Amino acid sequence: MTTFKSDFLNILQSRGFIHQCTDAEALDAQACAGTITAYSGYDATASSLHAGHLVQIMMLYWLQKTGHRPIVLMGGGTTKVGDPTFKDTQRPLLTDEQIQSNMDGIKSVFTNFLTFGNGPTDAIMVNNNDWLSEFGYIEFLRNFGTHFTINRMLTFDSVKLRLEREQPMTFLEFNYMLMQAVDFRELNSKYGCVLQMGGSDQWGNIVNGVELTRRLNQKPAFGLTTPLLTTASGAKMGKTLGGAVWLNADALSPYDYWQYWRNAEDADVGKFLKLFTDIPLDEIARLEKLQGAEINEAKKILADAATRMVHGEAAAQTARDTAQKAFEQGVLSADLPTVEIARSDLEASIMLAALATQIGLTQSNGEARRLAQGGGLRVNDAAITDGNQNITLNDLNSDGVIKVSQGKKKIVLVRPV
RNA sequence: GGGGGAAUGUCCCGAGCGGCAAAGGGGGCGGACUGUAAAUCCGCUGCGUAAGCUUCGCAGGUUCGAGUCCUGCUUCCCCCA
């Protein structure tokens with residue numbers, strides 16, 4: 001393991017953020033010499049970012065912590081084209097309205113991690129649509145197209161894979177690489193940005209940007225990628241019961257977010273603590289040593305810290321209390337996920353299977369019935385194997401709610417209104 | 001322009017003599033074991049309370065009956081020019 005002189009690279013290195021770097025020594029020297037500006041980009045493909053983006057966000061966080069300036073690049077322009085990198089089919093094109101509304105949703109998370117403003121190390125947010133949409137077609141081709149050869153572009157794994165799989169890649173998608181490279185160059189010209197950070201899948205795209213910047217601006221430029229994250233058992237990171245681990249509270253509640261980290265595999269705890277929290281390394285070293293059931297303590301600390309970073313201290317605390325009550329004390333907390341249903345429905349009595357579907361636990365009555373049959377559906381902690389059983393006002397507990405659980409981890413409170 | 005091949009259960013891969021709600025696997029979900037972990041084992045995985053209904057790129061046709069045969073169309077791949 002190389003040792004760096006700059007705090008920035010040292011921290012990234014020791015916390016496991018670095019996969020590849022174009023010229024780590026020179027970058028280290030620059031980071032030592034003064035404030036550097038670095039960026040990472042986010043395309044507006046969904047209305048919220050998810051856990052997979054977190055690594056990049058955390059790098060920006062440490063960048064600023066160690067006295068440098070982060071740029072958050074919103075891909076308003078690049079999203080119009082769509083990144084083909086390591087995908088085997090083209091994604092449907094988004095409309096301008098969708099892109100705009102997705103960007104609006106994404107923006108908010110960054111304020112939890114970064115301080116924005118006009119100071120020397122304050123973060124700034126820019127949108128690549130501002131410059132990409134300004135170029136005329138021929139102008140773009142003449143300015144930048146001359147610096148890329150098809151021969152070289154075809155050798156990048158991201159493209160090569162698609163071709164080897166005999167999947168078509170449109171000319172539109174093929175241009176994405178250029179646009180991303182132009183972004184880097186633009187940020188270098190405007191803000192003196194010298195570093196682009198991204199996931200390991202972005203290596204090819206990043207290298208292109210580095211080279212274009214060096215060539216056109218005659219300035220040093222660097223690229224740094226993070227390792228591809230999988231869980232210890234090999235699964236892709238960021239899936240939870242029912243979907244992606246979104247960072248926006250309206251897409252995934254802080255309670256569910258907390259649960260995601262709490263349920264991490266033993267073997268991942270140390271890695272996650274380093275990447276997704278700001279807990280000091282010596283403390284992490286101590287937590288990693290916990291064996292057997294004791295490691296559950298470390299998981300709670302992980303969940304607390306990770307939730308705090310995204311949703312704030314109060315939300316993290318509430319999530320922890322709620323989970324602790326529900327799983328350790330067997331007590332219901334009003335902060336558990338709650339769904340309101342019409343009192344009249346309960347008066348008339350509603351079939352359990354239909355109820356489960358209505359509150360989002362299952363997708364169809366049939367699925368709910370099968371789930372019940374397998375013993376996976378409980379009402380007020382009593383397993384009910386017959387999905388046809390009727391649920392009525394009589395099932396309300398002393399708190400005036402019905403506790404419906406799917407499996408061991410999913411609990412929904414039904415509240416009549 | 002000519003010739004050949006491919007599209008399967010709304011997550012993926014993938015079998016399928018004209019009787020098929022459709023083999024198998026991955027993934028997912030549930031159960032057991034545990035520690036809200038992993039590994040392992042077991043069950044479920046189109047909709048419907050049910051009768052039944054709707055699925056195999058799209059549209060027609062043959063047939064008692066079609067994912068399976070015929071015609072046209074769409075998309076993709078390969079070869080020749």
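Please read all numbers here as calculations on a predicted model, not as lab measurements. A note on names: the letters A, B, ... follow the listed sequences, proteins ahead of strands, and every chain is numbered from 1.
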**Student:** When you get a sec, tell me which of B:rU36, B:rC29, B:rC44 is the closest nucleotide to the side chain of A:Arg262?
**Tutor:**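 Between B:rU36, B:rC29, B:rC44, the one nearest the side chain of A:Arg262 would be B:rU36.
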**Student:** Rounded to whole angstrom, note down the P distance from B:rG14 over to B:rG57.
**Tutor:**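 Between the two P atoms, the distance is 14 Å.
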**Student:** Tell me the interatomic distance from A:Arg378, atom CZ, to B:rG31, atom C1', rounded to whole angstroms.
**Tutor:**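 After rounding, the reported distance stands at 11 Å.
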**Student:** A:Leu273 has an atom CG; how far is it from atom P of B:rA37, in whole Å?
**Tutor:**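 It works out to 18 Å between those atoms.
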**Student:** Determine the Euclidean distance between corresponding P atoms of B:rU45 and B:rG26; express it in Å to zero decimal places.
**Tutor:**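 B:rG26 and B:rU45 have their P atoms separated by 15 Å.
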**Student:** Pick the P atom in B:rG60 and in B:rA50, then give their distance to the nearest Å.
**Tutor:**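 Their P atoms lie roughly 31 Å apart.
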**Student:** How about NZ on A:Lys65, more than 12 heavy atoms from neighbouring residues, nucleotides or ligands closer than 6.0 Å, or not?
**Tutor:**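 Atom NZ in A:Lys65 is not packed in, count stays at 12 or less.
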**Student:** Under 4.0 Å, heavy atoms only, any strand: does A:Gln373 hit a base, just the sugar-phosphate, or nothing?
**Tutor:**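 Contact class for A:Gln373: none.
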**Student:** Syn or anti for B:rC78, please, going by whether the chi angle lies within 90° of 0.
**Tutor:**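 Here B:rC78 takes the anti form, which means its glycosidic angle is more than 90° from 0.
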**Student:** Can you tell which of B:rU49, B:rU45, B:rC29 lies closest to the side chain of A:Asn388?
**Tutor:**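 Taking heavy atoms from C-beta onward, the closest nucleotide is B:rU49.
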**Student:** Base, sugar-phosphate or nothing for A:Gly387? Non-hydrogen atoms, less than 4.0 Å.
**Tutor:**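 Result for A:Gly387 = nothing.
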**Student:** Side chain of A:Arg370, heavy atoms from C-beta onward: which of B:rC47, B:rU36, B:rG35 has the nearest atom to it?
**Tutor:**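 Nearest listed nucleotide: B:rC47.
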**Student:** Where the side chain of A:Met351 is defined as all heavy atoms beyond and including C-beta, which of B:rA37, B:rG30, B:rU49 is the nearest nucleotide?
**Tutor:**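 Per side-chain heavy atoms of A:Met351, the pick is B:rU49.
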**Student:** Between B:rA38 atom P and A:Gln291 atom CD, what is the distance in whole Å?
**Tutor:**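 So the two atoms are 17 Å apart, to the nearest Å.
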**Student:** How far, in whole Å, is B:rC69 from B:rC53 if one measures between their P atoms?
**Tutor:**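 B:rC53 and B:rC69 have their P atoms separated by 25 Å.
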**Student:** Just checking A:Tyr39 against A:Tyr191, ring centres under 6.0 Å apart?
**Tutor:**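 Ring centroids of A:Tyr39 and A:Tyr191 are no less than 6.0 Å from each other.
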**Student:** With respect to the side chain of A:Ala323, which nucleotide from B:rU49, B:rC47, B:rU36 is positioned closest?
**Tutor:**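 The answer is B:rU36, which lies nearest to the side chain.
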**Student:** Could you work out the separation of B:rA21 and B:rC56 based on their P atoms and round it to a whole Å?
**Tutor:**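 B:rA21 and B:rC56 have their P atoms separated by 14 Å.
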**Student:** So, OP1 or OP2 of B:rC29: does either fall under 4.0 Å of a side-chain N or O from A:Arg369?
**Tutor:**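 No, A:Arg369 has no side-chain N/O under 4.0 Å of OP1/OP2 on B:rC29.
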**Student:** Does A:Glu25 have more than 12 heavy atoms from other residues, nucleotides or ligands lying within 6.0 Å of its CD?
**Tutor:**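 No, the 6.0 Å shell around CD holds no more than 12 heavy atoms from other groups.
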**Student:** Using the C1' atom as the point on both nucleotides, what is the distance between B:rU54 and B:rC78, in whole Å?
**Tutor:**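 Here B:rC78 and B:rU54 have their C1' atoms 36 Å from each other.
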**Student:** Tell me which of A:Gly376 and A:Gln363 sits closer to the 5' end of RNA chain B, going by the nucleotide each one is nearest to.
**Tutor:**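 Upstream on the strand: A:Gly376.
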**Student:** May I ask you to test the A:Leu195-A:Phe8 pair for a side-chain heavy-atom distance under 4.5 Å?
**Tutor:**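 The answer is yes; the side chains approach within 4.5 Å.
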**Student:** Check this one for me: any side-chain N or O of A:Asn365 less than 4.0 Å away from OP1 or OP2 of B:rU49?
**Tutor:**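 Yes, within the criterion.
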**Student:** State whether A:Glu340 and A:Arg415 are salt-bridged, where the test is any N-O pair (Lys NZ or Arg NE/NH1/NH2 against Asp/Glu carboxylate O) under 4.0 Å.
**Tutor:**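 No, this pair does not count.
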**Student:** For A:Gln329, is the CD atom crowded, meaning more than 12 foreign heavy atoms sit under 6.0 Å from it?
**Tutor:**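 Yes, enclosed.
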**Student:** Determine the interatomic distance between P on B:rG43 and the same-named atom on B:rG48; round to the nearest Å.
**Tutor:**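 About 24 Å, rounded to a whole number of Å.
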**Student:** Please give the nucleotide sitting opposite B:rA32 as a Watson-Crick or G-U wobble pair, both distances under 3.5 Å, or none.
**Tutor:**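 Its partner is B:rU40.
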**Student:** Given atom CD of A:Glu367 and atom P of B:rG28, what is their separation to the nearest angstrom?
**Tutor:**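 Roughly 15 Å, once rounded to whole Å.
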**Student:** Is the shortest side-chain N/O distance from A:Ser364 to OP1 or OP2 of B:rG46 below 4.0 Å?
**Tutor:**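 For A:Ser364, the contact criterion (side-chain N or O under 4.0 Å from OP1 or OP2 of B:rG46) is not met.
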**Student:** Using a 4.0 Å heavy-atom cut-off across all strands, classify A:Leu377 as base, sugar-phosphate, or nothing.
**Tutor:**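 Result for A:Leu377 = nothing.
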**Student:** Between P on B:rC29 and CD on A:Gln406, what's the gap in Å once rounded to a whole number?
**Tutor:**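 My rounded result for the distance is 9 Å.
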**Student:** Partner of B:rC47 by Watson-Crick or G-U wobble geometry, both contacts under 3.5 Å, or none?
**Tutor:**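 Its partner is B:rG52 (Watson-Crick or G-U wobble, both distances under 3.5 Å).
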**Student:** Please report the distance, rounded to the nearest Å, between CD in A:Gln259 and C1' in B:rG35.
**Tutor:**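 To the nearest whole Å, that distance equals 14 Å.
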**Student:** Does the structure show a Watson-Crick or G-U wobble partner for B:rC69, both distances under 3.5 Å? Name it, or say none.
**Tutor:**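 B:rC69 is paired with B:rG61.
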**Student:** Looking only at side-chain N and O atoms, does A:Lys408 come under 4.0 Å of OP1 or OP2 in B:rC29?
**Tutor:**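 Looking at the OP1 and OP2 atoms of B:rC29, neither is under 4.0 Å from any side-chain N or O of A:Lys408.
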**Student:** How do A:Gly374 and A:Gln324 order along RNA chain B: which one's closest nucleotide is nearer the 5' end?
**Tutor:**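 The residue closer to the strand's 5' end, by nearest nucleotide, is A:Gly374.
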**Student:** Return the pairing partner of B:rA6 with a 3.5 Å limit on both distances, Watson-Crick or G-U wobble; otherwise return none.
**Tutor:**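 WC or wobble partner is B:rU75.
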**Student:** Between A:Phe276 and A:Trp261, how do the two ring planes meet: parallel, tilted or perpendicular, split at 30° and 60°?
**Tutor:**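 Tilted.
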**Student:** Send over the distance from A:Lys271 NZ to B:rA38 P, rounded to a whole Å.
**Tutor:**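 That distance rounds to 14 Å.
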**Student:** Could you tell me how far apart A:Lys299 (NZ) and B:rU34 (P) are, to the nearest whole angstrom?
**Tutor:**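 Result: 16 Å.
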**Student:** What distance, rounded to whole Å, do you find between the two C1' atoms, one in B:rA15 and one in B:rA59?
**Tutor:**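 About 27 Å, rounded to a whole number of Å.
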**Student:** Which nucleotide, B:rC29, B:rA38, B:rU36, lies nearest any side-chain atom of A:Glu265?
**Tutor:**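 Within the option list, the nearest is B:rA38.
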**Student:** Quickly, which of A:Asn205, A:Asp201, A:Val207 forms a side-chain contact (heavy atoms from CB on, under 4.5 Å) with A:Trp203? Name it, please.
**Tutor:**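 Filter result, single survivor: A:Val207.
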**Student:** Base, sugar-phosphate alone, or nothing: which one does A:Trp258 contact when heavy atoms must sit under 4.0 Å apart?
**Tutor:**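 Touches a base.
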